[in-house]
Structure formats: C-alpha cells, structure tokens
J.: 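Please find one structure pasted underneath; my questions will follow.
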Amino acid sequence: MSNLHEMYEKIGISEQVYQYGEKICASLKERFTAIDEVAEYNQLKVLSALQKNKVSDIHFAATTGYGYNDLGRDTLEQVYADIFHTEDALVRPQLICGTHALAIALSSNLLPGDELLSISGKPYDTLEEVIGIRPSTGSLKEYGVSYAQVDLLPNGEFDFEGIRNAIHENTKMIEIQRSKGYQTRPTLSVEKIGKAIAFVKSINPEIICMVDNCYGEFVETIEPSDVGADMVVGSLIKNPGGGLAPIGGYIAGTKKCIERAAYRLSAPGLGKEVGATLGIMQSFYQGLFLAPTVVAGALKGAIFAANIYESLGFKVVPDSVESRHDIIQAVEFGKPEYVIAFCKGIQAAAPVDSCAAPEPWDMPGYDSQVIMAAGAFVQGSSIELSADGPIKPPYAVYFQGGLTWYHAKTGILKSLQQIVDEGLVTVIK
Ligand SMILES: *Cc1c(COP(=O)(O)O)cnc(C)c1O
C-alpha cells in the first residue's frame, strides 16, 4: 500500500489533499459498512430474481422488426416485477429517458376530467411541461387533466392536513417524488413515502399512487412499491442500469397500470407484445446485476464529498451525518469560481474526455448559465461520476454517481485539488 499515495500523485493529487481525504475516509468506516450491508442484501435480491426466472444466454439474443415473442425482454420485465414486488413491469429501450417513462405512466393512467395531485411539492423540472404547469403542446393539461399540488411542510415532512383537503372526487392519481432532485428539501425515505400512501389510500383506496423513483433505486433494502405504491418509475441511465444500460426506462406496478402504460407506449391492442430489443438486453441484465454495488459506490462518494466540504466550512445537503435516500449531493459554495473549479476537477477525473475543460453556458430551458462536468461512457448518464451547477446564488453544485467508489473518491479529491490549486481554500495536513 505504500505507493498508493504515489498513484494519487501521478493523477494530480497532492500529498496534502490525499492525506486530508484519508483522514475523512477513516472517520466513515462505520457508515460504509452499513452501505455495504444494504448492497449485499440488494445483490441477493437481484440474484434471486435472475435465478427464479432462469435467465440464460438465450435471453440476450437480439430481436428485430415487431419484436414478437422477445423472450429476453419479457423475462427481464418479470425480473423487475420480482425485484420491485409488483404484478408487472415495463422495461424498454423505447422508454427514452426518465421523463419519458414518467410521461407514459401519467398520460396512460389519467383521462380527461381526472386530476393529478403532487403531494411532494413541485415535481422535477422536466415534468412541468409534461403536466402543463408550464404551458406546452401535448401536455396533460391540454388533454383536460388538471393538476394540483401540496407542498411539503417547511421541515420536509408531508402535509397530511393539506393532502386531505386537496383530495376530491376527481383526484385520480397522486405523485410523490422520492429524490429531492435539484431542490434543497430532504429526500423522502421509503418509510415516509409508505405512510403518505397509506394515508391517501385511507381517504380513497382507488387513487393510484405513483412514485418518481429516479436516483432512489437500491439505496435502501425496500422500494416504494414495497409500501403500497401502484407504480414506481425511473431511468436506466441512473441507478438500475448499473452504468451499462445505454438507454431506457422502467415502470413497475399493478397489472392494470402497466397494461395502460404499455398501450400508450406502443399502441392500444399491441401493448407489451411488441418492441424489438435489437441486442441490447445483455446490458440491461448485466447492469441490473451490478446496480446494487454501483449504487453503493455512488453513495459512498456522496457521503465522502459531504464530509470533505462540510469540514471545510461549506453547507452541504444532505449534511455529513444524515441518512441517505438517494445518491445526490449538493454543496453550496456561495461563489461562482468554486462551482467552476469543482466541476473542472470532476471532469479532470473522468475516464472519458478528461482533457475537456467545462465552461458555463446558456443551456436551453434554464434561466442562468450552467456548468456541467461529465466524462461518461454513456452520454448524459448520471449514475456515472457527474456534476452540474447553475451559475446563480447560492452557487451550489450538484454531484452524483461514480461507477466505483474509488473513482468517486478520485473525482472528489480532484475537485478539492482544483479548488486548492486556485487558492480558494487551504487544507492543512
Ligand atoms: C432524472 C430525473 C428525472 C428525469 O429523468 P431524465 O432521464 O433526465 O429524463 C425525473 N425525476 C427525477 C427525480 C430525476 O432525478
């Protein structure tokens, strides 16, 4: 081990920064052990589902055209249903991304006159146009689906009284977003989500409870579908794709909800029976198999970053000791030069495009410049080490992913090194 620090030096990390990181790492042993235990449990959960469904190399074969009788696809959907403990699942490369999967889950299960109620405040940015919160062509609103929202209480808890008052006879579906996304509220634990779902069902058991599960999969040993959710939805270029899936989304849930989603994704009458997979199935299976350990690595990275930057006096969300329910870490720097330096460091640690220097730019759909660091094998993949920061107060950077803990660690050390090199902080050995 004596030359480990030499390897770090070779990759551009100074002795001081390395030692600073080692000190933090040493204090995290217990938490890392707890994360490993969750990963171990989830590894067995995934393995059992693969074995139960007798997954074999025949399932990795490519289908083309209509994709009738795609054994690999149908079996993978059963594997997902077994992992999420749902009646059925839709897991497809034709679900383009998380937003698309959510749009399908919503638009297939809501009809004109129905109301969608979000009980965890404003949904993820990209859903605003899907729902019609921001006017858009083809939104749910355009189709006569109304929307209402109950914000979380200032302490981040569900507003049960507000939820009771907001539910009426047209309330067809409630939406809960597990991850804080790019907000500063706390992420919701599966247990809390379960209590809110039970409350909603006690008012009207017919209401469909849908959870946006993005960034949450495999962080805990249970998923929202274990506590009553009728549908859980996510992206395969985040947690459940394990870094190997190059595209895709999933919806797991009740037979009725999934059938409707499949009819909306392909066509009424065709549903799940079509959709060729073109040889992509092995990456879906293998990525899922790796996902529990990949998520564990990303979680360790997030906790390491929180502890490093909190110890240097910055506000971190979640903080250095909070329990974790998703893989996102926010660091509030208060000044733009820190955000830029942080992202440069992350980029410099990437396995792909490490020579690129990220710059703030005017990204479509954002009201400020944004800087992004991503040197990923899969474009836009945020289970891979990535960071982005809007150049506006409070000058926060959002950091997530890392296919291995060692890579996440290197990325964070590189971010710190960049900040140190620019003379913005000093670390004392
Ligand atoms: C990423 C994300 C989405 C949307 O996913 P895309 O794949 O980027 O379309 C939706 N909700 C949450 C909470 C997310 O983190």
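Remember, it's 1-based here, ligands and their atoms both numbered in the order they're listed. Excluded from the calculations below are hydrogen atoms, water molecules and symmetry mates; all remaining heavy atoms, backbone and side chain alike, are included.
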J.: If the cut-off is 4.0 Å to any non-hydrogen atom of Q177, which atoms of ligand 1 fall inside it?
T.: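 Result: 13 (C).
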
J.: Just let me know how T99 lines up against ligand 1, side chain, backbone, both or neither, with a heavy-atom cut-off below 4.0 Å.
T.: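 Both backbone and side chain.
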
J.: For L102, counting its heavy atoms only, list the atoms of ligand 1 lying under 4.0 Å from any of them.
T.: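 Contacts of ligand 1 toward L102, numbered from 1: 10 (C).
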
J.: I want to check something: taking the side chain as every heavy atom from C-beta on, are Y66 and E273 in contact at a cut-off of under 4.5 Å?
T.: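 In short, these two side chains do not touch, never coming nearer than 4.5 Å.
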
J.: Assess I328 for proximity to ligand 1: is some non-hydrogen atom of it under 4.0 Å away?
T.: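 Contact absent.
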
J.: Checking a contact table here: which protein heavy atom is nearest atom 6 (P) of ligand 1, and how many Å away?
T.: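 For atom 6 (P) of ligand 1, the nearest protein heavy atom is G98 N, 3.5 Å.
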
J.: Within 45 degrees of the ring normal and closer than 6.0 Å to the centroid, is that where the cationic atom of K238 sits relative to Y215?
T.: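 That pair qualifies as a cation-pi contact.
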
J.: I'd like to know if K238 contacts ligand 1, where contact means a heavy-atom distance under 4.0 Å to any ligand atom.
T.: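 Contact check K238 vs ligand 1: positive.
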
J.: Going by atom types alone, do Q78 and D82 pair a side-chain donor with an acceptor below 3.5 Å?
T.: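 Yes, side-chain donor-acceptor contact under 3.5 Å.
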
J.: Does only the side chain of H100 get under 4.0 Å from ligand 1, or the backbone, or both, or neither? Count heavy atoms.
T.: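 For H100, no heavy atom sits under 4.0 Å from ligand 1.
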
J.: Could you check atom 11 (N) of ligand 1 against the protein and tell me its nearest heavy-atom contact, residue, atom and distance included?
T.: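 Sorting protein heavy atoms by distance from atom 11 (N) of ligand 1 puts D212 OD2, 2.6 Å first.
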
J.: So, the side chain of N239 versus the backbone of E217: is there a donor-acceptor pair under 3.5 Å, distance only?
T.: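 Checking the backbone N and O of E217 against the side chain of N239, a donor-acceptor pair under 3.5 Å is found.
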
J.: Walk me through it: do Y398 and Q400 pass the test side chain to side chain donor-acceptor pair (under 3.5 Å)?
T.: CA-CA 7 Å; Y398 298 88; Q400 67 270 312; over 6 Å; no

J.: Under 6.0 Å from the CG atom of N165, do we count more than 12 heavy atoms belonging to anything else shown?
T.: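 Yes, CG of N165 has more than 12 neighbouring heavy atoms, counting only those of other groups under 6.0 Å.
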
J.: Going by distance alone, is a donor N or O of one side chain under 3.5 Å from an acceptor N or O of the other, for Q149 and S118?
T.: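 No, no side-chain donor-acceptor contact under 3.5 Å.
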
J.: What atoms in ligand 1 come closer than 4.0 Å to a heavy atom of Y215?
T.: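 By the 4.0 Å cutoff, the relevant atoms are 15 (O).
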
